[in-house]
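Notes to accompany the following structure.
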Amino acid sequence: MCGIIGIVARTGVNQMLYDGLTVLQHRGQDAAGIVTCDEGRLYLRKNNGLVRDVFRTSHMLRLKGNMGIGHVRYPTAGCSSSAEAQPFYVNSPFGISLAHNGNLTNAIQLKNDLFRADRRHINTDSDSEILLNVFAHELARSDKLSVGPEDIFNAIRGVHQRCKGAYAVVAMITGFGIVGFRDPNGIRPIVFGKRVTGEGDEYVMASESVALHSLGFEMIRDIAAGEAVCVDVDGNLYAEQCAQNPALTPCIFEHVYFARPDSIIDKISVHKARLRMGEYLADKILRVFPNHDIDVVIPIPDTSRTSALPLANKLGVIYREGFVKNRYIGRTFIMPGQKQRKKSVRQKLNAIDLEFKNKNVLLVDDSIVRGTTSKQIIQMARDAGARKVYFASAAPPVRFPNVYGIDMPSASELVGHGRNEEDIAKVIGADWLVYQDLADLVKAARKGNPAIKEFDTSVFDGRYVTGDVTQNYLDDIERLRNDAQQEKRRAADNAVIELHNTA
């Protein structure tokens, strides 16, 4: 999962891009990057680390220009090399920079095609660089000295025909402006907005609406599945549907975990969707455990708070904050490497003993992925004096790998894979465990936008909406994502860095 932003303004955009990326920091903490354009010249800064660490005053001063794009990254295959920090750039045609959120499911085939047929070299293992080169090759087909909106839309039609999977993209074309587009299924989010100034209109495109609002822009709408939106340097806006058969099937995990609660995605309030998740989960608890003996409901901060409060209200049980969070520790789910994830849990959370002592506690979390974090938190509750510890997940069991840009582990490392709820409860050490029903999760999200007929729920039911995910592909994912392989890749990356530093 990554965060992207692009701005065309009347004054310098460096500070706005920086501020926008800090608002999107929850979408990726591995690397950050900004590229701007001023009088046909590009200025780029990117590196591993948080936004606040990557950009210093000297870097900001060099990021000149009234348009630019930015990116915050977390790795979808465990690699944390700075070589894969975005945005990426190609000089032909016109000079194109690109930032991408998502994952291409046919990246290997595309990479071979780019080399053999298009004569293009890919320098990293990132599918974002592949996507950039596909877009560049399709745009070069116009064979013009300057580019216009229709040339861009034709190029994106070609991208849709060639690229499979999930992609929300912002790209900057030197001398023209900013382009945003979304895959024909609209799996990953992207919105755009406008601000009227005395000097003319300014536009922004970003992963989440909260980035627009924080910068003082008014949201226009989501970019539709398969649609492309471009803004030229003079502030003229163009939009066109570029997919033959678009069908909006957005990722429901955005509403479960990734998106900020103050965002609106595909006309759905993330906050309200999570409130409904809590209500439906309470209904299930009342069905399955009508004579429950829960004394207190305690959320596992931060994402689950929104669901835990209405759940407690509907159960008629006291809601309490039982964990204090260290806000200087990153989001555990998106940390590379199981050892680092395990180490961070105790550093991130501390139990307030008096909220647990001699009580039957219901812990509420947004989801359970590997189960290691849940297990440690349950043990923390017992150590704090809880008599019994129950566990509720606002999402159904995660049983299948994600192939659309979320770095969930291989299937064998998912605690829900091949286990029923009773087995999972034993693994994580809960006295009992209840999961949200998938139908209720979909209902909680769809109520915000009934026009959405289907969501991507593949991590729960194994149904991949793009229709091109084979068992061989999933086997490759298994080999690529298991923690042992990721540790090998990180060791190789560190060896290269150490060699470079001592050279």
Side-chain angles (χ1 to χ4, degrees), residues 1-2 75-78 98 100-118 120 122 124-138 155-169 181-190 223-228 241-254 258 266 398-412 414 417 438 442 452-482:
M1 188 62 57
C2 301
T76 56
L98 180 142
H100 160 230
N101 175 30
N103 185 61
L104 300 181
T105 53
N106 64 335
I108 295 175
Q109 182 61 49
L110 284 171
K111 187 173 183 178
N112 290 334
D113 293 345
L114 284 167
F115 178 75
R116 296 179 183 277
D118 301 347
R120 287 182 172 270
I122 305 301
T124 70
D125 293 326
S126 172
D127 58 349
S128 302
E129 188 187 10
I130 293 172
L131 181 58
L132 167 60
N133 277 270
V134 172
F135 178 49
H137 181 79
E138 294 299 320
I156 293 170
R157 290 186 185 96
V159 170
H160 289 334
Q161 290 173 7
R162 296 180 64 179
C163 296
K164 308 300 180 185
Y167 47 93
V169 175
F181 59 95
R182 197 175 183 191
D183 70 78
N185 290 98
I187 298 171
R188 302 265 71 88
I190 181 170
I223 295 179
E227 186 185 24
Q241 177 55 251
C242 298
Q244 292 181 348
N245 297 297
L248 180 61
T249 54
C251 175
I252 205 166
F253 215 76
E254 291 281 351
F258 275 109
D266 294 311
V398 176
R399 302 190 189 279
F400 303 92
N402 184 278
V403 301
Y404 298 131
I406 301 176
D407 188 27
M408 287 186 175
S410 61
S412 62
L414 296 168
H417 184 73
L438 181 55
V442 171
I452 298 177
K453 302 303 180 185
E454 183 182 1
F455 289 88
D456 170 54
T457 56
S458 54
V459 297
F460 307 121
D461 59 12
R463 294 178 61 251
Y464 297 95
V465 294
T466 54
D468 63 331
V469 178
T470 65
Q471 187 57 51
N472 286 339
Y473 182 84
L474 293 176
D475 291 343
D476 289 339
I477 290 288
E478 175 79 22
R479 288 189 291 270
L480 181 66
R481 290 186 180 176
N482 71 71

Minimal non-hydrogen separation, Gly165 against Thr466, with atom names: O-CG2, 3.9 Å
Residue pair Gln161 / Gln244, side-chain heavy-atom distance below 4.5 Å: yes
Inter-residue atom distance Asp475.CG - Leu480.CG, 0.5 Å rounding: 12.5 Å
Cys251 side chain near Tyr404 side chain, heavy-atom distance below 4.5 Å: no
Qualifying residue for side chain to side chain contact (heavy atoms under 4.5 Å, CB included) with Lys164, from Leu110, Asp468, Asn185: Asp468
Val459 and Leu414: CA distance, side-chain angles, deciding distance, side chain to side chain contact (heavy atoms under 4.5 Å, CB included) verdict: CA-CA 10 Å; Val459 297; Leu414 296 168; over 6 Å; no
Atom pair OH (Tyr167) and OG (Ser128), whose distance is rounded to the nearest 0.5 Å: 13.0 Å
Expected output: side-chain Asp183 to main-chain Ile187 donor-acceptor under 3.5 Å: yes
Asp461 to Phe400 - nearest heavy-atom pair and separation: C-CE1, 3.5 Å
Shortest non-hydrogen contact between Ser458 and Arg463, atoms and distance: CB-O, 3.2 Å
Inter-residue atom distance Glu129.CD - Leu114.CG, 0.5 Å rounding: 9.5 Å
Asn106 (side chain) donor-acceptor with Cys163 (main chain) under 3.5 angstrom: no
Closest non-hydrogen atom pair, Asp127 against Gly102: OD2-O, 4.2 Å
Any side-chain donor near an acceptor of the partner, Thr249 and Glu454, under 3.5 Å: no
Under 3.5 Å: donor-acceptor pair, side chain of His417, backbone of Ser412: no
Spatial distance of atom CG (Asn103) from atom SG (Cys2) [nearest 0.5 Å]: 10.0 Å
From Asp456 atom CG to Tyr464 atom OH, the distance as rounded to the nearest 0.5 Å: 8.5 Å
For the student: nearest non-hydrogen atoms of Ile156 and Ala228, plus distance: CD1-CB, 3.4 Å
Cys242 versus His160, closest heavy-atom pair with distance: O-CD2, 3.4 Å
Separation of Asn472 CG from Ile477 CD1 (nearest 0.5 Å): 12.0 Å
Side chain Glu227, main chain Pro246, donor-acceptor under 3.5 Å: no
Note, Asn112 side chain near Ile108 side chain (heavy atom, < 4.5 Å): yes
Salt-bridge criterion met for Glu254 and Arg188 (N-O under 4.0 Å): yes
Criterion salt bridge (charged side-chain N to carboxylate O under 4.0 Å, His left out) on Asp266 and Arg182, from CA distance to verdict: CA-CA 12 Å; Asp266 294 311; Arg182 197 175 183 191; 3.0 Å; yes
Polar side-chain atom of Asn402 near backbone of Met408 as donor-acceptor pair, under 3.5 Å: no
Intermediate values then yes/no, side chain to side chain contact (heavy atoms under 4.5 Å, CB included), Tyr473 and Val403: CA-CA 9 Å; Tyr473 182 84; Val403 301; 3.6 Å; yes
Salt bridge flag under 4.0 Å for residues Arg162 and Asp118: yes
From CA spacing to verdict: ring pair (Phe, Tyr, Trp, His ring centres under 6.0 Å), Phe181, Phe135: CA-CA 11 Å; Phe181 59 95; Phe135 178 49; 5.7 Å; yes
Side chain Thr457, main chain Phe460, donor-acceptor under 3.5 Å: no
His137 and Asp113, any side-chain heavy atoms less than 4.5 Å apart: no
Exceeds 12 heavy-atom contacts within 6.0 angstrom, atom CD of Gln471: yes
